[in-house]
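Below is one structure, written out as structure tokens; the observations come after it.
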Amino acid sequence: MDKVYNHKDVEEKIYKVWEEKGYFKPEVNPKGKPYCIILPPPNANAPLHFGHAMYVVEDVLIRYHRMLGNAALWLPGADHAGFETQFVFEKKLQKEGKSRFDFDRNTLYKMIWDFVQENRGGMESQLRRLGFSLDWSRKKFTLDQDIIKIAYQTFKKLYDEGFIYRGDRLVNYCTKCGTSFSDLEVNHKEQKDPFYYIKYGPFVLATVRPETKFGDTAVAINPEDKRYQKWVGKEIEVQGVNGKFKVKVIADDLIDPNFGTGVAKVTPAHDMKDFEIGKKHNLDIVQVIGFDGKLNEKTGKYQGLYVRQARKAVAEDMQKMGLIEKIDENYIHTIETCYKCETTIEPMLLPQWFVKMERLAKTAIDVLKKGEIKFHPQRFEKTYLDFLENIRDWNISRQIVWGIRIPAWKNSKTGEWVITEGEAPKGESWKQDEDTFDTWFSSAQWPFSTLMANCDCDGSGGFFDRFYPTSVMETGYDILRWWVARMVMVGIYRTGKVPFRNVVLHGLVNDPYGKKMSKSKGNAINPLELVDQYGADAVRFALIYGNATGNDQALSYPKLDATRKFTNKLWNMGRFIEMNRTSAFAKASTVAKALADKSADKQNSIEELLELAKNNNDREMIEKTKQLTNEITKHLESYNFNYAAESLYEFAWHEFADKYIEDIKDRLNPESYIILNTLYLTLLKLLHPFMPFVTEEIYQRFKFGESVMIDKWPAFAVAKALADKSAGKPSL
RNA sequence: GGACCCGUGGCUCAGUUGGUAGAGCGUCUCAUUUACACUGAGAAGGUCAGAGGUUCGAAUCCUCUCGGGUCCACCA
């Protein structure tokens with residue numbers, strides 16, 4: 001063995017062998033209990049960011065369970081990331097002086113498809129570099145035909161059972177991106193805007209949006225408000241910039257009598273709350289802003305102006321006409337913006353496909369309360385419940401082409417809608433809806449759709465039957481609502497079972513100064529650069545060590561240095577043991593020599609070793625290793641990865657190397673050597689889920705090519721040894 | 001407006017059911033050329049943000065305050 005461990009000589013070579021030998025497949029343990037994690041599918045089009053490196057937690061779990069003898073399946077995939085990807089692609093088009101409107105739907109789709117295919121391999125090879133033991137033979141893409149088919153079936157089932165409606169409802173619309181969004185995709189931002197107190201018939205009312213006045217169809221007050229009660233039910237005449245108009249005065253308790261003047265104009269077509277009021281009171285809905293973000297023909301001379309321009313123009317004209325009583329210039333309120341381009345969201349009346357969420361949410365709440373699903377750390381249950389208990393219907397239509405086109409056909413003659421599993425209805429005059437599904441609609445089905453779309457090639461039944469519900473869903477807490485909660489709802493709906501038993505959430509990896517990494521800020525660090533520099537094992541260990549599950553962490557170079565040194569320490573412990581092999585047996589009997597050849601590397605149970613050990617320090621070390629094994633097992637079972645990593649680090653370095661090896665140096669004999677060797681191999685096994693490469697490299701050198709990856713977890717070995725013993729098999 | 005997280009030695013963070021404060025890096029002293037200088041032995045360094053409470057005992061539980069961050073929210 002070389003003096004220094006060099007990860008560059010080891011990692012790619014080992015990964016290749018693992019993959020070629022099929023070690024990533026659950027078939028490695030054909031009779032094992034199924035254990036399954038579905039990888040949160042990264043965006044097929046984008047390189048990995050640091051969040052993805054946190055999937056190391058999943059690899060730790062998978063490797064641990066594989067060593068326990070489970071049929072461990074970690075299923076990879078890629079997400080088409082509908083809107084995200086189309087957004088990136090449109091930017092590229094823009095640079096070339098083109099726009100999406102220059103192409104028809106199919107051409108555009110094909111162009112994005114090719115664009116994604118070009119970039120797709122990058123993400124997969126990056127996951128390999130991190131050592132992730134993913135079963136690549138089972139990988140899926142959200143736009144695979146079989147996955148699409150399953151999404152269609154789910155949509156149809158939802159439709160047939162009354163969960164889907166086409167809503168004439170206000171949606172969050174970004175006039176720049178040209179699509180609507182779900183409520184989750186909208187950001188809220190505080191902003192200072194002029195607050196106009198305008199004369200409105202007999203009233204004065206406050207508004208930030210005088211330009212929507214053309215769409216007013218009522219004036220509202222609180223029913224308890226004595227000041228204005230006499231006007232309720234009456235029609236009033238209002239002087240506007242385009243002449244006089246009449247509106248009704250209504251009473252609604254959504255109006256806060258203490259806000260502004262206690263009077264509000266109601267513009268159902270352009271305000272979420274006004275829309276609610278309008279529905280209750282059967283008000284007309286008059287749209288005055290178009291999908292291009294400009295005022296329309298109903299606004300007279302203001303037609304063609306963008307909202308901001310129109311606001312200014314209308315306010316100035318009102319000022320001239322003496323219709324403004326005062327302007328509060330320091331009014332701070334919250335506006336909605338597009339999470340992608342930051343344009344102010346315009347609530348728009350646009351028929352969209354909605355999923356009724358209330359009943360679905362209830363099932364997802366129930367499974368948590370019944371304990372069928374558990375969160376680690378538990379505090380995230382609160383976020384989950386908060387979302388589900390206040391859920392609103394989910395707009396799943398997007399006005400983009402990159403995605404799964406909604407399988408809904410409208411009859412142009414009758415206006416009737418037909419939902420299918422993808423095939424066009426028979427007969428003429430059917431036209432398919434132009435919209436595609438929200439990406440999260442297909443992502444929400446990922447645990448079951450990936451498993452349904454995988455057949456089990458040994459003929460023992462479908463993957464779905466075998467691996468669903470999956471064991472663990474591990475992802476960043478930032479997509480708990482977007483993804484985890486929706487997977488639970490849709491999973492239960494479609495299959496009758498929870499999609500996973502445990503949810504493990506990891507935190508964000510921030511830059512070394514604790515700031516969120518982002519491409520636009522220029523502080524994003526590519527995880528692969530660190531893998532090059534420190535080795536995958538060190539990067540993996542650094543992400544787990546010293547950071548409680550679910551907490552954010554700042555990337556730390558000193559920590560990476562420490563973990564890299566740790567890989568070298570492990571290597572040199574091995575080097576010491578290897579170098580002393582011959583000398584330890586030099587004066588030994590023939591039996592001992594035989595052990596030196598092969599049997600010294602044999603898996604021994606702790607109990608067998610204790611029988612062998614005559615030296616008290618050896619006996620103590622055996623006990624300590626046994627304790628460590630139990631401790632690590634316990635920590636992994638409770639998802640306390642950092643405890644496990646810390647215990648391993650402390651034990652390996654300061655107990656095993658600093659004390660035990662130093663002590664044993666001067667008294668090596670065949671017995672003590674066997675103990676040393678066995679305990680060291682045990683340690684490698686315990687470390688393997690965390691540091692797969694260095695442990696594998698050493699293990700294979702010690703065990704003549706046998707792989708630690710598919711060897712058994714020490715606790716298992718202990719139990720097995722005990723069983724063998726009671727069955728009368730000889731020890732050693 | 002609501003919720004959550006964080007505030008522990010110079011820095012980054014652990015601290016698992018409450019039981020005399022821990023790690024890595026950094027600093028200082030010493031040792032050794034050793035399996036490993038990507039080393040070993042040892043040292044200094046913390047009123048655990050602040051205040052109050054529960055308790056025999058609180059970094060840990062409760063209340064409040066201050067500071068940093070995140071998420072949710074239809075006040076026109």
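Note on naming: letters A, B, ... go to the chains in the order of the sequence lines (proteins, then strands), and numbering restarts at 1 for each one.
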Inset, instruction - For atom CD of A/Q378, decide whether the heavy atoms of other residues, nucleotides or ligands shown that lie under 6.0 angstrom number more than 12. - result: no
Inset, instruction - For residues A/Y545 and A/F566, establish whether the separation of their ring centroids is below 6.0 Å. - result: no
Legend entry - Whole-Å distance separating the CD1 atom of A/I479 from the P atom of B/rC72: 13 Å
Inset, instruction - Indicate the atoms forming the closest heavy-atom contact of A/L295 with A/V307, along with that distance. - result: CD1-CA, 4.1 Å
Inset, instruction - Mark yes or no for a side-chain to base donor-acceptor pair under 3.5 Å between A/E662 and B/rA35, with no hydrogen or angle criteria applied. - result: yes
Inset, instruction - Could you measure between the two C1' atoms, the one in B/rC48 and the one in B/rA41, and give it in whole Å? - result: 29 Å
Legend entry - Out of B/rA41, B/rC6, B/rC38, whichever nucleotide has its closest atom nearest the side chain of A/N551: B/rC6
Inset, instruction - Check the distance between B/rA35's C1' and A/F576's CZ and give it to me in whole angstrom. - result: 7 Å
Inset, instruction - Would you mind classifying the nucleic acid contact of A/D658 as base, sugar-phosphate or nothing, using non-hydrogen atoms under 4.0 angstrom? - result: sugar-phosphate
Legend entry - Separation between the C1' atoms of B/rG15 and B/rC71, rounded to whole Å: 27 Å
Legend entry - A/D271 or A/A562, whichever maps to the more 5' nucleotide of RNA chain B: A/A562
Legend entry - Presence of salt bridge, A/E346 and A/R209, under 4.0 angstrom: yes
Inset, instruction - Could you measure between the two P atoms, the one in B/rA31 and the one in B/rU47, and give it in whole Å? - result: 33 Å
Inset, instruction - Under 4.0 Å between any heavy atoms, over every strand shown, what does A/I255 touch: base, sugar-phosphate, or nothing? Just pick one. - result: base
Legend entry - Sugar-phosphate only, base, or nothing, as touched by A/A206 at under 4.0 Å among non-hydrogen atoms: base
Inset, instruction - Mind checking A/Y534 for me? I need base, sugar-phosphate or nothing, with any heavy atom below 4.0 Å counting as a touch. - result: nothing
Inset, instruction - Would you indicate, yes or no, if B/rG15 has its OP1 or OP2 atom less than 4.0 angstrom from a side-chain nitrogen or oxygen of A/Y643? - result: yes
Inset, instruction - Quick one: label A/K516 by what it contacts on the DNA or RNA (base, sugar-phosphate, nothing), any heavy atom closer than 4.0 Å. - result: nothing
Inset, instruction - Would you write the dot-bracket representation of RNA chain B, where each base gets (, ), [, ], | or . depending on whether it forms a Watson-Crick or G-U pair under 3.5 Å and with which partner? - result: ((((((((.[[[[.)...(..]]]].(((((.......))))).....[[[[[..)....]]]]])))))))....
Inset, instruction - Scan A/Y5 against the nucleic acid and name what it touches under 4.0 Å (heavy atoms): base, sugar-phosphate only, or nothing. - result: nothing
Inset, instruction - Among the candidates B/rA23, B/rA76, B/rG15, find the nucleotide nearest to the side-chain atoms of A/N642. - result: B/rG15
Inset, instruction - Could you check how far NE2 of A/H188 sits from C1' of B/rC71, rounded to whole Å? - result: 10 Å
Legend entry - A/Y513 and A/N523 side chains, donor-acceptor separation under 3.5 Å: no
Legend entry - Closest to the A/R379 side chain, choosing from B/rA23, B/rG24, B/rC5: B/rC5
Inset, instruction - Determine the contact category for A/A657: base if any of its heavy atoms lies under 4.0 Å from a base atom, sugar-phosphate if only primed atoms, P, OP1 or OP2 are that close, otherwise nothing. - result: base
Legend entry - B/rG26 to B/rU55 separation - P atoms, rounded to the nearest Å: 46 Å
Inset, instruction - Remember a base hit wins even if backbone is also touched, and classify A/D256 as base, sugar-phosphate or nothing at under 4.0 Å, heavy atoms. - result: base
Legend entry - Pairwise distance CD(A/E381) to CG(A/L480) - rounded to 0.5 angstrom: 10.5 Å
Legend entry - Between B/rC5 (C1') and A/L505 (CG): distance, integer Å: 13 Å
Result block: side-chain N/O donor-acceptor pairs under 3.5 angstrom for residues 191-205 of chain A, not counting sequence neighbours:
from: A/Q191; atom 1: NE2; to: A/D193; atom 2: OD2; distance (Å): 2.8
from: A/K192; atom 1: NZ; to: A/N330; atom 2: OD1; distance (Å): 3.3
from: A/D193; atom 1: OD1; to: A/R308; atom 2: NH2; distance (Å): 3.4
from: A/D193; atom 1: OD2; to: A/H333; atom 2: NE2; distance (Å): 2.9
from: A/K199; atom 1: NZ; to: A/G322; atom 2: O; distance (Å): 3.4
from: A/Y200; atom 1: OH; to: A/D216; atom 2: OD2; distance (Å): 2.4

Inset, instruction - Please check if any side-chain donor atom of A/T633 sits under 3.5 Å from a side-chain acceptor atom of A/N630, or the reverse. - result: no
Legend entry - Residue-phosphate contact under 4.0 Å: A/R392 side-chain N/O, B/rC74 OP1/OP2: yes
Legend entry - Selection from B/rC13, B/rG15, B/rC36 that lies nearest to any side-chain heavy atom of A/R575: B/rC36
Legend entry - Proximity to the side chain of A/D183 - top-ranked nucleotide from B/rC13, B/rC36, B/rA73: B/rA73
Inset, instruction - Round to the nearest Å and state the distance from A/W653 atom CH2 to B/rG24 atom C1'. - result: 10 Å
Inset, instruction - Quick one: label A/H270 by what it contacts on the DNA or RNA (base, sugar-phosphate, nothing), any heavy atom closer than 4.0 Å. - result: nothing
Inset, instruction - Could you pull out the closest heavy-atom pair between A/E631 and A/S647, with the gap in Å? - result: OE2-OG, 2.9 Å
Legend entry - Atom-pair distance (NZ on A/K265; P on B/rC75), nearest Å: 17 Å
Inset, instruction - Please evaluate the base of B/rC36 for a donor-acceptor partner in the side chain of A/K569 within a cut-off of under 3.5 Å? - result: yes
Inset, instruction - Tell me yes or no: between the side chains of A/N395 and A/S180, is some donor less than 3.5 Å from an acceptor? - result: yes
Inset, instruction - Could you work out the separation of B/rA3 and B/rA76 based on their C1' atoms and round it to a whole Å? - result: 25 Å
Legend entry - Whole-angstrom distance between B/rC6 and B/rA44, as gauged at atom P: 31 Å
Legend entry - Spacing of A/E646 atom CD relative to B/rC13 atom C1', expressed in whole Å: 9 Å
Legend entry - Rounded distance in Å between the P positions of B/rG45 and B/rU54: 34 Å
Inset, instruction - Tell me whether the OP1 or OP2 atom of B/rA14 has a side-chain N or O from A/N547 closer than 4.0 Å. - result: yes
Inset, instruction - From the options B/rC72, B/rA14, B/rA76, select the nucleotide whose nearest atom is closest to the side chain of A/R481. - result: B/rC72
Inset, instruction - Describe the nucleic acid contact of A/V4 in one word from base, sugar-phosphate, nothing, applying a heavy-atom distance below 4.0 Å. - result: base
Legend entry - Geometric cation-pi criterion, A/R575 with A/Y5: 6.0 Å, 45°: no
Inset, instruction - Would you kindly give the CZ-to-P distance between A/F375 and B/rA3, to the nearest whole Å? - result: 20 Å
Inset, instruction - Scan A/G262 against the nucleic acid and name what it touches under 4.0 Å (heavy atoms): base, sugar-phosphate only, or nothing. - result: base
Legend entry - Test item: side-chain donor near acceptor, A/N172 and A/D183, under 3.5 Å: yes
Legend entry - Phosphate OP1/OP2 of B/rA76: any A/Y331 side-chain N/O under 4.0 Å: yes
Inset, instruction - Could you measure between the two P atoms, the one in B/rG67 and the one in B/rG50, and give it in whole Å? - result: 15 Å
Inset, instruction - From the options B/rG24, B/rA35, B/rC36, select the nucleotide whose nearest atom is closest to the side chain of A/M579. - result: B/rA35
Legend entry - Closest listed nucleotide, where the reference is the side chain of A/N572 and the choices are B/rC4, B/rC74, B/rA35: B/rA35
Legend entry - Closest to side chain of A/Y649, choosing from B/rA76, B/rC4, B/rG24: B/rG24
Legend entry - Any A/H333 side-chain nitrogen or oxygen under 4.0 Å from OP1 or OP2 of B/rA76: yes
Inset, instruction - Check whether any side-chain nitrogen or oxygen of A/K559 sits under 4.0 Å from OP1 or OP2 of B/rU12, and answer yes or no. - result: no
Legend entry - Among B/rG40, B/rC72, B/rC74, the nucleotide that comes nearest once only the side chain of A/D386 is considered: B/rC72
